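Position 1 is the first residue of the sequence, and the numbers go up from there. As the structure lists them, so they are numbered: ligands from 1, and atoms in each ligand from 1. Keep in mind that the numbers below use all heavy atoms, side chains included, and drop hydrogens, waters and symmetry copies. As the structure is a prediction and not an experimental result, all values here were calculated from the model.
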Amino acid sequence: MALAQKNPIFGCISWGKRYLLPLREHTDCVMQIVVEHSEALRGEVQVPGAKNSVLKLMAVTLLAEGEYRLTNVPDIADVDTMCDLLRALGVQSKKVGTHELVLTNSGNITPVAPFEFVDRIRASINVLGPLVGRYGSADIAMPGGDDFGSRPIDLHVAGLEAMGARFELNKDGIRATAKRLQGASIELKFPSVGATENILTAAVLANGVTVIDNAAREPEIVDLCNMLVAMGAQIEGIGTSRLVIHGSKKGSLRGVRHAVINDRVQAATYIAAVAIAGGDVQVRGARPEHMEMVINKYTQMGVSIYPQRDGLRVTAPERLTAIDFATLPYPGIATDYKPLLVAMNSISSGVGIVTENLFPGRFRYIEELCKLGADIRIDGHHAVIKGVDHLIGTAVTAPDIRAGAALVVAGLAAHGETVISEIHHIDRGYDDLVGRLSGLGADVTRV
Ligand code: UD1
């Protein structure tokens, strides 16, 4: 019997219980972001490259020898951590300026991902597919990242097992082995982003054709497919829920130059900032076609959003209107948008009900919003938010990347000073949030 079936641990591994700090910013444990009540925001903000894309793109450099040049790379701590992990595996990296990364795979790969790096980011699990597909084995310590409660990997394991990989658990993590993976028909019981990515990146070097049904179709998966195709992989159905991958011979893929897509969650963060503080801002590089549902929700709340040649123009209403929403796989409302929408609901007129369908643990920041005066009640995986006239600044703690950013944005509408600590979480995924908000006239500083 396959290990994914007989060993329930793949279905209940809890990721990211530890919070190791990014190496480059150990001093951040004492840093804070201070936000003062903000006047209306004005001007332009440029959306950086997507964290949820770049880390996965970096992992596929394991698939083939060569030089890879990634542009539009966000300047975030998780990229540094991924560089550390890839270096430990044998891929060298060099930053060119702040937003370009050159990765070199010289073929000298050791397929053992050490715990010290893997534990810091959840995207480290993305080395599994390339390692087992290209080198026939992968030893991976359990992945880390934001602590959203249970983050199982049973779908990753079951998909790779269907292709012939064998898995075992040991005290350090998981070990996967395979001679050569064989193409297979895999239907995911849920369109998991991570499982789709690992099966896809293993399948590009498998023998024969792999079909992934009910695949995730996030824009970041499209970006990954586009880079793989440029490397020489053959993939049909890109952007749909059925991916067909024709396996290529080992050694037939090559290094490429690739521009990371812009970050739809960071774009949504700047729209939320305008919605909360008021104002009129151009969000340059926002891609409305990647954000249809969330733009729809913002519009229902009263925010005016006008597509422009290079992004979106955003203007805020006098007062936001509360909305109901539920998180769903793409093209639904991503779980990453939720803290922003909850922060907006907390100062809207009316009552909004929010349902979290993906990660039940992802409500922990609500306690922090309540410290600011928000009126929110949690009932299972629902949150009921009664809008208040204004928030009141106080000391709060960032529990994860997106919730941390939502607390900063909420602080713009709070009377007095909001002091956010544990900001290393924000630095993991936001490229100069403070600088970008200050550029729009917000009174936000790092101290
Ligand atoms: C998730 C989000 C993604 C977001 C990312 C970073 C979804 C569908 N995915 O991707 O948009 O950018 O977090 O915050 O919104 N699951 C299993 N078994 C598995 C894998 C997943 O049961 O093997 C379940 C998870 O428990 C969860 C759901 O599937 O309930 C979505 O997981 P998945 O898409 O894999 O998460 P991420 O790849 O982290």
Give yes if a backbone or side-chain nitrogen or oxygen of [X] is under 3.5 Å from a nitrogen or oxygen of ligand 1, and no if not.
{"X": "R264", "value": "no"}
{"X": "V193", "value": "yes"}
{"X": "P329", "value": "no"}
{"X": "D336", "value": "yes"}
{"X": "A334", "value": "no"}

Tell me if a side-chain donor or acceptor on N105 pairs with a main-chain N or O of T61 at a distance below 3.5 Å.
yes
Flag if over 12 foreign heavy atoms under 6.0 Å of CZ, R377
no
Which of the ligand 1 atoms, numbered from 1, are nearer than 4.0 Å to a heavy atom of [X]:
{"X": "L358", "answer": "7 (C), 15 (O), 27 (C), 30 (O)"}
{"X": "G194", "answer": "35 (O), 38 (O)"}
{"X": "F190", "answer": "28 (C), 29 (O), 31 (C)"}

Could you grab the distance from atom CZ of R436 to atom CG of L41, nearest 0.5 Å is fine?
14.5 Å
Nearest 0.5 Å please: distance from the CG atom of L89 over to the CG atom of D84.
11.0 Å
Between E100 and K95 (salt bridge meaning N to carboxylate O under 4.0 Å), is one present in this structure?
no
Considering only NZ, NE, NH1 and NH2 on the basic side and carboxylate oxygens on the acidic side, decide whether D324 and K297 come within less than 4.0 Å.
no
If you compare A158, S53, P152, A195 by their heavy atoms, the one closest to atom 19 (C) of ligand 1 turns out to be P152
Can you tell which of G429, P191, S192, A123 gets a heavy atom nearest to atom 35 (O) of ligand 1?
S192
Checking contacts here: is it the side chain or the backbone of [X] that comes within 4.0 Å of ligand 1, counting heavy atoms only? Could be both or neither.
{"X": "E218", "result": "side chain"}
{"X": "N52", "result": "side chain"}
{"X": "F359", "result": "side chain"}

Would you name the heavy atoms of Q46 and N262 that are closest together and state the gap between them?
NE2-ND2, 4.3 Å
Among pairs that include at least one residue of residues 195-216, which meet side chain to side chain donor-acceptor pair (under 3.5 Å), considering only residues two or more places apart or in two chains?
K56-E197, N126-E197, H156-N198, Q182-N207, D213-R242
Partner of H290 under side chain to side chain contact (heavy atoms under 4.5 Å, CB included), picked from E220, E218, R264, is R264
